[in-house]
Protein chains: 2
Amino acid sequence: MSDTFAIGELGRATDTKVETVRYYERIGLLSQPRRTSGNYRAYDRGHLNRLSFIRRSRDLGFSLDQVRALLDLADQRDRPCEAVDEIARGHLAAVERKIADLEALRDELRGMVRQCGHGAVRDCRIIEALSPGDALAAAPG
Amino acid sequence: MSDTFAIGELGRATDTKVETVRYYERIGLLSQPRRTSGNYRAYDRGHLNRLSFIRRSRDLGFSLDQVRALLDLADQRDRPCEAVDEIARGHLAAVERKIADLEALRDELRGMVRQCGHGAVRDCRIIEALSPGDALAAAPG
DNA sequence: CTTGACCCTGTAGTTGCTACAGGGTCCATA
DNA sequence: TATGGACCCTGTAGCAACTACAGGGTCAAG
């Protein structure tokens, strides 16, 4: 039974495009696999595990740099995991900030959309809300 | 007194980097201003208004393509504003989807961080949560 | 007349892929 | 044995939306 995989199989197993797998190799996130006589990449279970880790981390929104750091840490099994915790906490904080930003934005957009009177553009509250207001209109000559 | 502005002034007035102003001009979002004898860009109040509109729209998360569409619509003052409404609603829906995604993500991250026992990496629940689980461990030989 | 702040063009970098172009390999089927 | 199609290879360019130079020019103050 194959305990090596071609790049396409690896991609299907991890829901990753072939180009993306090669990209991860190029940027040094995934180690180079051995090659077959025909110069095809031949991956093993270690690669599969590593790529799964990468994809799961990416799905959780970690940047490639963070993933790289997490992978390095995951390899140092005896070290304390504070650094891991810190990366996760930092990312969590960033996600929470982003949610707050988007919620503020959502509220503004909701307000705009609610006020739209569906008349002519000249009376459109959305356009109005986007247009420079008092600060400019009241600019002293 | 100046009713024209150099690019740096325009940038300060709209909280936009000079390079970004030039970028907007390059991609046709902001019209080319007249030039001084020394080949400096000389902007007028119209440019200032337009750039303010762009920045405000960008702050609200509209893409440059959406901004372009909004600008076009804003110029057609007699037309009905349905298209404007549609862009805003579409964007609102996208923002709401994104918030939901991020909230799911936040919950997962919170769960991971909460479980971290601060021991060695080998016991780290965060790494564990990121690592490929049963699907692979249980893969039949 | 020089210093320093500002401006100019053009190009390349960022993030995380994705999409070719222009080939080579491999395997099954006719 | 030929051939077709699925797969693989490298290398490069593209996407959004800027940002950051390099290598110069302009202009006002001292």
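In the text below, chain A, chain B and the rest are named by the order of the sequence lines, each starting its count at 1.
The interatomic distance linking Gln32(A) (CD) with dC8(D) (P) rounds to 18 Å, in whole Å. Distance Glu9(A) CD to dC26(C) P: 14 Å, rounded to the nearest Å. Between Glu25(B) atom CD and dC7(C) atom C1' the separation is 13 Å, expressed in whole Å. Taking atom CG on Leu51(B) and atom C1' on dC18(D), their separation rounds to 14 Å, with Å as the unit. Computed from coordinates, the Phe62(A) CZ to dC17(C) C1' distance equals 19 Å when rounded to whole Å. In this structure, the CG atom of Asp65(B) is 11 Å from the C1' atom of dC15(D), given to the nearest Å. Taking atom CG on Asn39(B) and atom C1' on dT26(D), their separation rounds to 10 Å, with Å as the unit. Taking atom OH of residue Tyr43(A) and atom C1' of nucleotide dC9(D), one finds them 11 Å apart after rounding to whole Å.
Side-chain nitrogen and oxygen atoms of Arg41(B) include none within less than 4.0 Å of the OP1 or OP2 phosphate oxygen of dC7(C). The side chain of Arg68(B) contributes no N or O atom lying less than 4.0 Å from OP1 or OP2 of dA16(D). At least one side-chain nitrogen or oxygen of Thr20(A) sits closer than 4.0 Å to the OP1 or OP2 atom of dT18(C). One finds a side-chain N or O of Tyr24(A) lying less than 4.0 angstrom from the OP1 or OP2 phosphate oxygen of dC17(C).
Checking dT18(C), dT19(D), dC8(C) against every side-chain atom of Tyr23(A), the shortest atom distance belongs to dT18(C). Closest to the Lys17(A) side chain, of the nucleotides dC26(C), dC7(C), dA19(C), is dA19(C). Checking dG16(C), dC8(C), dA17(D) against every side-chain atom of Ser63(B), the shortest atom distance belongs to dA17(D). Listed nucleotides: dC17(C), dC7(C), dT19(D). Nearest to the side chain of Glu19(B): dT19(D). Closest contact between the side chain of Ala6(B) and the listed nucleotides dC7(C), dC27(D), dC20(C) involves dC7(C). Across dT9(C), dC21(D), dC9(D), the shortest atom-to-atom separation from the side chain of Arg35(A) is found for dC9(D).
A donor-acceptor contact under 3.5 angstrom links the side-chain atoms of Tyr40(B) to the base of dG25(D).
Here the side chains of Thr16(A) and Leu10(A) are not in contact, with every heavy-atom distance at 4.5 Å or above.
A donor and an acceptor atom, one from each side chain of Thr14(B) and Arg55(B), are nowhere located under 3.5 Å apart. Between Arg50(A) and Tyr24(A), the side chains place no donor N or O within less than 3.5 Å of an acceptor N or O (distance only, hydrogens not considered).
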If you apply the rule salt bridge (charged side-chain N to carboxylate O under 4.0 Å, His left out), what do you find for Asp72(B) with Arg68(B), and how did you get there? CA-CA 6 Å; Asp72(B) 283 356; Arg68(B) 208 186 297 270; over 6 Å; no

Glu108(A) and Arg56(B): CA distance, side-chain angles, deciding distance, salt bridge (charged side-chain N to carboxylate O under 4.0 Å, His left out) verdict: CA-CA 12 Å; Glu108(A) 273 204 82; Arg56(B) 172 107 180 93; 2.6 Å; yes

Would Glu9(A) and Arg41(A) count as a salt bridge (charged side-chain N to carboxylate O under 4.0 Å, His left out) if you check the C-alpha gap in whole Å, the side-chain angles of each, and the deciding distance to 0.1 Å? CA-CA 11 Å; Glu9(A) 294 174 281; Arg41(A) 288 170 179 81; over 6 Å; no

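Summary of the strand contacts: Gly38(A) and Arg22(A) both lie near DNA chain C, and taking for each the nucleotide with the nearest heavy atom, the more 5' one is attributed to Arg22(A). Closest-nucleotide positions on DNA chain C for Arg26(B) and Ile7(B) were compared, and the one nearer the 5' end corresponds to Ile7(B).
Using a 4.0 Å heavy-atom cutoff across all strands shown, Thr36(B) reaches no nucleic acid atom at all. Residue contacts shown for Arg58(A) are limited to sugar-phosphate atoms, with no base heavy atom under 4.0 Å away.
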